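Report on the structure given below.
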Protein chains: 2
Amino acid sequence: MDGFERIKVITRSFRELYHALWLLGQVEELDITGIQLFVLSAVAKEPNLSLGELAEMMQTNNSTMSGIVDRLVKADLIVRERSEKDRRTLTMRITPLGEEKRKQAKKYVQERLSGLANMKDEDISLLLKLHQDILDKIHLEGDGKKDDESK
Amino acid sequence: MDGFERIKVITRSFRELYHALWLLGQVEELDITGIQLFVLSAVAKEPNLSLGELAEMMQTNNSTMSGIVDRLVKADLIVRERSEKDRRTLTMRITPLGEEKRKQAKKYVQERLSGLANMKDEDISLLLKLHQDILDKIHLEGDGKKDDESK
DNA sequence: CGAAAATAATTCGTATACGAAATGAAAAAC
DNA sequence: GTTTTTCATTTCGTATACGAATTATTTTCG
């Protein structure tokens, strides 16, 4: 397996897992996606999170999060308002319908992914460490190459 | 860290790696995406692959692959024709421009991801094994629940 | 053979995803 | 205090991604 072949195999593996886990087949019968559920949980736990904070928590782009929030609002699962203090910023809170959906979906996901939840601690640590190593390697190389005016 | 929190952390990690690796920021200056490069390589190595075979190799959906191939054709990187023997099936071959692009992009990716290419064999095996374990866990649970008429 | 079933690819509708550009509002600079 | 800059969010254009429906062709069945 040469270098390029490795890169293919590894990227394919990440892609596969990403889709299996993140999208969750759109949490089938509940008509909500994985990331929508995580956003719903975050908003339930901490109302008044801004969109940017949400995006950072989920490690996604602002524009992506804007769309996700938009769909949650359209589905009546959260309410989106401008902050009084800073009218650029959003505040969000979950609706009763959203709270219901959150509970159901969380239950569903916990059952569906119980194997994941029950993984050994050391395996999880190992997995996350390997992932971080890869990220470090990629980012080091990327930065060294293109971006020399750091700060 | 409870079960749900774990699920969040792990899915986020996969999402992050997927994007870092798979999309490759669209292989910056070359104006081609990661999966386009892999498809280009596959077609170069084995002309006359059908679309379905390509989709299976990349573990993606037929409709997704259809779009990817479509964009490669529009960019003049591959030629798409109907097979003589079975006019439902496609055959594809790379164009001279596509071959050029493939070489450049492959070189770029190998440099950009040399850290990945040089990972220790045992780390790669370990990573892929952990991934497979997770997939198995998820799929076992999923199948038991919804899909009992297996074969 | 001709109708029905199966197969390969495409199209459609929707969601995620990113970066760039646009918008609107607050803060900083002058 | 007005102009400039910064900041938060949205919009736009494009790519990936999936499942369902559609189309075109081949195979199978009666």
Side-chain angles (χ1 to χ4, degrees), chain A residues 11-12 14-39 48-56 58-75 77 80-92, chain B residues 11-12 14-40 48-56 58-75 77 80-92 146:
Chain A
T11 55
R12 200 164 53 210
F14 276 111
R15 182 186 159 286
E16 199 177 355
L17 268 290
Y18 164 60
H19 275 282
L21 287 173
W22 188 257
L23 301 179
L24 283 171
Q26 322 221 15
V27 189
E28 284 107 285
E29 56 269 358
L30 287 165
D31 198 32
I32 183 178
T33 66
I35 190 159
Q36 285 176 7
L37 169 57
F38 292 143
V39 169
N48 305 324
L49 276 175
S50 76
L51 189 139
E53 287 165 339
L54 266 179
E56 197 174 346
M58 304 293 158
Q59 296 183 247
T60 192
N61 194 289
N62 271 10
S63 57
T64 301
M65 189 51 71
S66 188
I68 291 164
V69 164
D70 210 58
R71 284 180 285 275
L72 287 173
V73 170
K74 285 210 177 76
L77 303 179
R80 168 182 47 185
E81 284 163 338
R82 291 281 164 184
S83 160
E84 288 299 309
K85 292 174 204 144
D86 183 341
R87 304 196 52 73
R88 290 171 301 184
T89 304
L90 294 181
T91 59
M92 279 162 281
Chain B
T11 55
R12 201 163 54 209
F14 276 111
R15 182 185 159 287
E16 200 177 354
L17 268 290
Y18 165 60
H19 274 282
L21 287 173
W22 188 257
L23 300 179
L24 283 171
Q26 320 221 13
V27 190
E28 283 107 285
E29 55 269 359
L30 287 164
D31 199 32
I32 183 177
T33 67
I35 190 159
Q36 285 177 7
L37 169 57
F38 293 143
V39 169
L40 214 50
N48 306 322
L49 277 176
S50 75
L51 189 139
E53 287 165 338
L54 266 180
E56 197 173 347
M58 304 293 158
Q59 296 184 248
T60 192
N61 194 290
N62 269 11
S63 57
T64 300
M65 190 51 70
S66 188
I68 290 164
V69 164
D70 209 57
R71 284 180 286 276
L72 287 173
V73 169
K74 284 208 178 76
L77 303 180
R80 168 182 47 185
E81 284 163 336
R82 293 279 165 184
S83 159
E84 289 299 308
K85 292 175 202 142
D86 183 342
R87 304 196 52 72
R88 289 170 303 185
T89 304
L90 293 181
T91 59
M92 278 162 282
K146 313 191 61 83

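Note that these values count all heavy atoms, side chains included, but never hydrogens, waters or copies made by symmetry. Everything numeric in this text was worked out from a predicted model, so none of it was measured. In what follows, chains are A, B, ... by sequence order, proteins preceding strands, each numbered from 1.
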What's the [atom1]-[atom2] distance between [X] and [N], to the nearest Å?
X: R15(B); N: dT16(C); atom1: CZ; atom2: P; value: 11 Å
X: E53(B); N: dA8(C); atom1: CD; atom2: P; value: 9 Å
X: L51(A); N: dT23(C); atom1: CG; atom2: C1'; value: 15 Å
X: R12(B); N: dA17(C); atom1: CZ; atom2: P; value: 13 Å
X: K74(A); N: dG13(C); atom1: NZ; atom2: P; value: 17 Å
X: M58(B); N: dA17(D); atom1: CE; atom2: P; value: 11 Å
X: I35(A); N: dC18(C); atom1: CD1; atom2: P; value: 9 Å
X: L90(A); N: dC7(D); atom1: CG; atom2: P; value: 18 Å

Next item on the list: Could you note down all residue pairs passing salt bridge (charged side-chain N to carboxylate O under 4.0 Å, His left out) where residues 58-69 of chain B supplies at least one of them, sequence neighbours left out?
Entry: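 Passing the test, one end in residues 58-69 of chain B: no pairs.
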
Whether [X] contacts [N] is assessed here as follows: a side-chain N or O lying under 4.0 Å from the phosphate OP1 or OP2. Is that the case?
X: R71(A); N: dG13(C); answer: no
X: Q59(B); N: dA17(D); answer: no
X: Y18(A); N: dA17(D); answer: no

Can you sort out the partners of [X] under side-chain hydrogen bond (donor to acceptor under 3.5 Å, both in side chains), two or more places apart, ordered by chain and number?
X: Q59(A); result: R12(B), E16(B)
X: K74(A); result: D70(A)
X: T60(A); result: R15(B)
X: T91(B); result: none

Check: Considering only heavy atoms, which members of residues 80-89 of chain B lie under 4.0 Å from some atom of DNA chain C?
Finding: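 Those residues whose heavy atoms fall under 4.0 Å from DNA chain C, taken from residues 80-89 of chain B in numerical order, are R80(B), R82(B), R88(B), T89(B).
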
Notebook entry, point to check: When you measure from every atom of DNA chain C, which of residues 60-69 of chain A have a heavy atom less than 4.0 Å away?
Noted result: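 The stretch gives T60(A), N61(A), S63(A), T64(A), I68(A) as the residues lying under 4.0 Å from the strand, ordered by number.
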
Checklist line | Listed partners of T89(A) passing side-chain contact (heavy atoms from CB on, under 4.5 Å), at least two apart | finding: S50(A), S83(A), D86(A)

Next item on the list: Given side-chain contact (heavy atoms from CB on, under 4.5 Å), test R80(A) with V69(A) step by step and report yes or no.
Entry: CA-CA 8 Å; R80(A) 168 182 47 185; V69(A) 164; 4.0 Å; yes

Item checked: Sequence-distant partners of E53(B), salt bridge (Lys or Arg N to Asp or Glu O under 4.0 Å), two or more places apart ->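 Salt bridge (Lys or Arg N to Asp or Glu O under 4.0 Å) list for E53(B), sorted by chain: empty.
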
Notebook entry, point to check: Is the Y18(A) ring parallel, tilted or perpendicular to the Y18(B) ring (thresholds 30°, 60°)?
Noted result: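 Parallel, since the angle between the ring planes stays under 30°.
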
